[in-house]
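Because the structure is a prediction, the values reported are computed rather than measured. Computation of the quantities below employed the complete heavy-atom set of this structure, encompassing side-chain atoms and omitting hydrogens, waters and symmetry-equivalent molecules.
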Amino acid sequence: MGLFAQWRGTVLARGHQLLGALGRADEPDDPSEPAPSLNRLDALVEGFTAGQPVRWTMAGQPRPLPGPVDVVAYRIIEEALTNACRHAPGAPVGVRLRYDAAGITIEVRDEGTGPAPSGGGTHSAGRGLLGVRRRAERLGGTFSAGPRAGGGFTVRAVLPAPEEMIG
């Protein structure tokens, strides 16, 4: 019991440092803001179009997604657009959503003109991309992000949301 009390005291005293080390990508969303949702995709894209041309398209029959899938889909797009503004300012960006019977596929692609980073084809992912990757994988989805030959960058996620889950 003594060790537990000591551990508890350390966590209470230094918990804020622990939360900071975990990073913002896994923090819950701010309850004072509207919940992240693909229903708000127009507003999200509009927020980025002031300095960057962003176009989005949709394929398949859109349908309501389970709450966690909807939030993660929104966060993936938000992070990809943020990175495009940061690393390819002014370059056109395309956001594609494709609904199918198994779920939703998201692809965000910027047309940055810079060459793909050198160094064996690896690209250092930021903490935001790592966070949304974790979120996608927790749902049983897949996630990839990386430079394209000739320049630009693509973020792609496939999130499971079988039609029979929606009721």
Side-chain angles (χ1 to χ4, degrees), residues 19-65 67-100 102-139 141-161:
L19 285 175
L22 292 175
R24 294 186 45 102
D26 290 328
E27 288 181 11
D29 297 313
D30 184 352
S32 67
E33 305 243 340
S37 169
L38 291 181
N39 292 332
R40 298 184 59 233
L41 186 57
D42 282 328
L44 176 64
V45 168
E46 186 177 306
F48 284 91
T49 58
Q52 193 140 12
V54 179
R55 183 176 58 86
W56 70 275
T57 60
M58 189 176 324
Q61 184 62 42
R63 65 180 186 278
L65 298 170
V69 174
D70 196 20
V71 169
V72 169
Y74 180 92
R75 291 296 187 212
I76 288 168
I77 295 167
E78 181 180 49
E79 182 62 28
L81 289 174
T82 298
N83 285 346
C85 284
R86 184 177 301 134
H87 301 293
V93 179
V95 177
R96 294 184 195 144
L97 304 176
R98 188 182 82 235
Y99 290 84
D100 61 30
I104 185 168
T105 301
I106 301 157
E107 186 174 281
V108 181
R109 172 185 252 189
D110 75 59
E111 303 296 327
T113 57
S118 60
T122 61
H123 185 269
S124 156
R127 293 184 74 174
L129 288 178
L130 291 175
V132 293
R133 173 188 300 274
R134 275 190 235 118
R135 285 181 171 196
E137 290 173 350
R138 279 189 203 134
L139 293 173
T142 61
F143 180 91
S144 63
R148 294 189 354 246
F153 198 83
T154 299
V155 172
R156 186 172 194 278
V158 179
L159 304 176

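- Across all their heavy atoms, P160 and V69 have their closest contact at O-CG2, 3.5 Å.
- Using a 4.5 Å heavy-atom cutoff, the side chains of L159 and L65 are not in contact.
- Closest non-hydrogen pair, A88 versus G112, comes out as CB-CA, 3.9 Å.
- Under a 3.5 Å cut-off, the side chain of R63 and the backbone N or O of D100 do form a donor-acceptor pair.
- Between atom CD1 of residue I76 and atom CG of residue L129 there is a gap of 10.0 Å, rounded to the nearest 0.5 Å.
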| task | Go through the steps to decide whether E137 and R134 satisfy the test salt bridge (Lys or Arg N to Asp or Glu O under 4.0 Å), and finish with yes or no. | result | CA-CA 5 Å; E137 290 173 350; R134 275 190 235 118; over 6 Å; no

| Yes or no on side chain to side chain contact (heavy atoms under 4.5 Å, CB included) for N39 and Y74, after CA distance, side-chain angles and deciding distance? | CA-CA 9 Å; N39 292 332; Y74 180 92; over 6 Å; no

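- D70 places no side-chain N or O within donor-acceptor distance of the main-chain N or O of P64, the cut-off being under 3.5 Å.
- With hydrogens and angles ignored, the 3.5 Å screen pairs a side-chain donor or acceptor of R133 with a backbone N or O of F143.
- Side-chain contact between R75 and P36: present, with at least one pair of heavy atoms (C-beta onward) separated by less than 4.5 Å.
- When atom types are taken as modelled, the side chain of E107 and the backbone of R98 share no donor-acceptor pair closer than 3.5 angstrom.
- Panel note: side chain R156, backbone T142; no donor-acceptor pair is recorded below 3.5 Å.
- Side-chain contact check for P34 versus R40: some heavy-atom pair is nearer than 4.5 Å.
- Counting only distance, with no hydrogens or angles, the side chain of E111 and the backbone of A91 share no donor-acceptor pair below 3.5 Å.
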| task | Starting from the C-alpha separation in whole Å, work towards a yes-or-no answer on side chain to side chain contact (heavy atoms under 4.5 Å, CB included) for V93 and V45. | result | CA-CA 10 Å; V93 179; V45 168; over 6 Å; no

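- Rounded to the nearest 0.5 angstrom, L44 CG and T49 OG1 are separated by 10.0 Å.
- Residue L97 forms a side chain to side chain contact (heavy atoms under 4.5 Å, CB included) with just one option from L41, T105, V108, T57, and that option is L41.
- In this structure, CG in N83 is found 7.0 Å from CZ in F153, a value given to the nearest 0.5 Å.
- D110 contributes atom CG, which lies 9.5 Å from atom NE2 of H87 (distance to the nearest 0.5 angstrom).
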